[in-house]
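The block underneath contains the structure these notes are about, expressed in structure tokens.
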Amino acid sequence: MMEIFTYQTYKSALRGQIRANQAVKGYKSKLAEAAGCQRAYLSHVLKTHVQLTPEHALGIAHFWGLGPLEKDYFLELVNRERAGTLSLRKYCEERLAEMRLQNANLSARLKRPGIGEQKLQTLYYSSWHYSAIHILLTIPGFQTTKAISNHLRLSEELVREALITLKEMGLAEQAGLVWKASSFDIHLAKDSPMNSINHSNWRGRAVLDSQVKSSTGTHFTGVYSMSQEDLERLKAELIKFVELTRKTALASAEEKVVAFNCDLFEV
């Protein structure tokens, strides 16, 4: 699957796809045909300052099967290289940055529901124990106040209050002494004021876990220098992996509650 947002120029995208399809006979000719130009002209574009036209770019975008946002991004890469003034080039840069952000918005890509009422959402994400208890309810053997209290090393009173709150949120239901999660696949929007608090809560728990010698957790921090294009490629791979973790978790048997924290950002 092509990750168009990993490319900083349309020519690097063309070269990347030609390399990736080098085993496909006549791939470069097929690209030229899709663009509506001669193969020699496409080679000229790749080797010199000559640029594709928007019409050429649209044909190639169709050939690659790009989605609406991906198609816009590729065409805007072409528009930027063809820009005749600094102001137009700057405008194209701004448009490209907006599209990269839009593509990286996990809330839109994952399309998962959130907690509707702001007051309840604020409470749910105010402490790590609400989501920990919430997800524990999906595991047989951890569906009573006492079992949850023992596992998380929290007081029964705190657990009991959290369960009642989760019930009010529509995320848990009670049958006698047994509690079950009634909804569990939720996502917090990137622009939510609770987003940084939620990240901070779980990263704090990750730090505590890293200090336990007997922990089986995996913790890694790396600081690198790299090109902008490689950074975009790494971000794209990371987003794909995040999507994969959610699909895997939803299809997996409920046995353990795990916290997956992931950070990749420019310093």
Side-chain angles (χ1 to χ4, degrees), residues 104-115 120-156 158-167 169-172 179-223 234-265:
N105 187 336
L106 282 173
S107 295
R109 291 181 63 155
L110 295 173
K111 295 179 180 176
R112 297 293 185 261
I115 302 171
L120 294 177
Q121 182 186 95
T122 300
L123 186 57
Y124 183 87
Y125 292 108
S126 66
S127 172
W128 65 271
H129 76 275
Y130 285 107
S131 54
I133 292 171
H134 178 203
I135 302 305
L136 263 179
L137 293 178
T138 66
I139 304 175
F142 296 105
Q143 296 174 325
T144 66
T145 302
K146 188 174 183 60
I148 295 170
S149 172
N150 291 337
H151 184 73
L152 295 179
R153 297 183 179 86
L154 299 173
S155 71
E156 287 191 35
L158 181 62
V159 172
R160 195 175 297 111
E161 289 176 355
L163 287 169
I164 292 171
T165 300
L166 290 171
K167 184 178 180 180
M169 294 177 183
L171 300 177
W179 288 81
K180 291 185 179 181
S182 52
S183 176
F184 54 87
D185 187 21
I186 59 176
H187 185 71
L188 183 62
K190 184 178 181 179
D191 58 358
S192 169
M194 297 305 298
N195 200 29
S196 60
I197 295 174
N198 184 48
H199 288 315
S200 178
N201 288 339
W202 280 108
R203 278 157 182 75
R205 290 290 292 125
V207 170
L208 289 176
D209 186 75
S210 71
Q211 295 169 345
V212 179
K213 292 183 179 180
S214 59
S215 170
T216 58
T218 299
H219 302 282
F220 175 77
T221 297
V223 180
L234 193 56
K235 283 164 65 177
E237 289 299 320
L238 199 54
I239 290 171
K240 283 168 59 179
F241 183 67
V242 169
E243 291 174 333
L244 177 61
T245 64
R246 291 182 71 86
K247 290 178 182 177
T248 301
L250 288 173
S252 181
E254 291 80 5
E255 297 173 356
K256 303 282 185 180
V257 172
V258 300
F260 172 54
N261 296 331
C262 189
D263 303 282
L264 176 67
F265 56 95

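As the structure is a prediction and not an experimental result, all values here were calculated from the model.
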How long is the span from the [atom1] atom in [X] to the [atom2] atom in [Y], to the nearest 0.5 Å?
X: Leu137; Y: Ile148; atom1: CG; atom2: CD1; answer: 4.5 Å
X: Trp179; Y: Leu166; atom1: CH2; atom2: CG; answer: 8.0 Å
X: Tyr124; Y: Thr165; atom1: OH; atom2: OG1; answer: 12.0 Å
X: Thr248; Y: Glu243; atom1: OG1; atom2: CD; answer: 11.5 Å
X: Phe220; Y: Ser210; atom1: CZ; atom2: OG; answer: 14.0 Å
X: Ser200; Y: Met194; atom1: OG; atom2: CE; answer: 10.5 Å

Nearest heavy atoms of [X] and [Y], plus distance in Å:
X: His219; Y: Asp209; answer: NE2-OD2, 2.9 Å
X: Leu158; Y: Leu154; answer: CD2-CD2, 4.0 Å
X: Gly141; Y: Ala147; answer: O-CB, 3.4 Å
X: Ser131; Y: Trp128; answer: OG-O, 3.1 Å
X: Glu254; Y: Pro140; answer: O-CD, 3.9 Å
X: Ala172; Y: Ser182; answer: N-OG, 3.2 Å

**Request:** Walk me through it: do Asn201 and Tyr125 pass the test side-chain contact (heavy atoms from CB on, under 4.5 Å)?
**Result:** CA-CA 8 Å; Asn201 288 339; Tyr125 292 108; 5.7 Å; no
**Prompt:** side-chain contact (heavy atoms from CB on, under 4.5 Å) between Val159 and Leu152: does it pass, once the steps are laid out?
**Reply:** CA-CA 9 Å; Val159 172; Leu152 295 179; 5.7 Å; no
**Request:** Spell out, as yes or no, whether a donor-acceptor pair under 3.5 Å connects the side chain of Asn261 to the backbone of Trp202.
**Result:** yes
**Item:** Within-4.5 Å side-chain heavy-atom neighbours: Val242 and Phe260
**Value:** yes
**Request:** Could you please spell out the steps behind the side-chain contact (heavy atoms from CB on, under 4.5 Å) verdict for Lys180 and Thr138?
**Result:** CA-CA 6 Å; Lys180 291 185 179 181; Thr138 66; over 6 Å; no
**Pair Phe241-Cys262, side-chain contact (heavy atoms from CB on, under 4.5 Å): steps then yes or no** = CA-CA 10 Å; Phe241 183 67; Cys262 189; over 6 Å; no
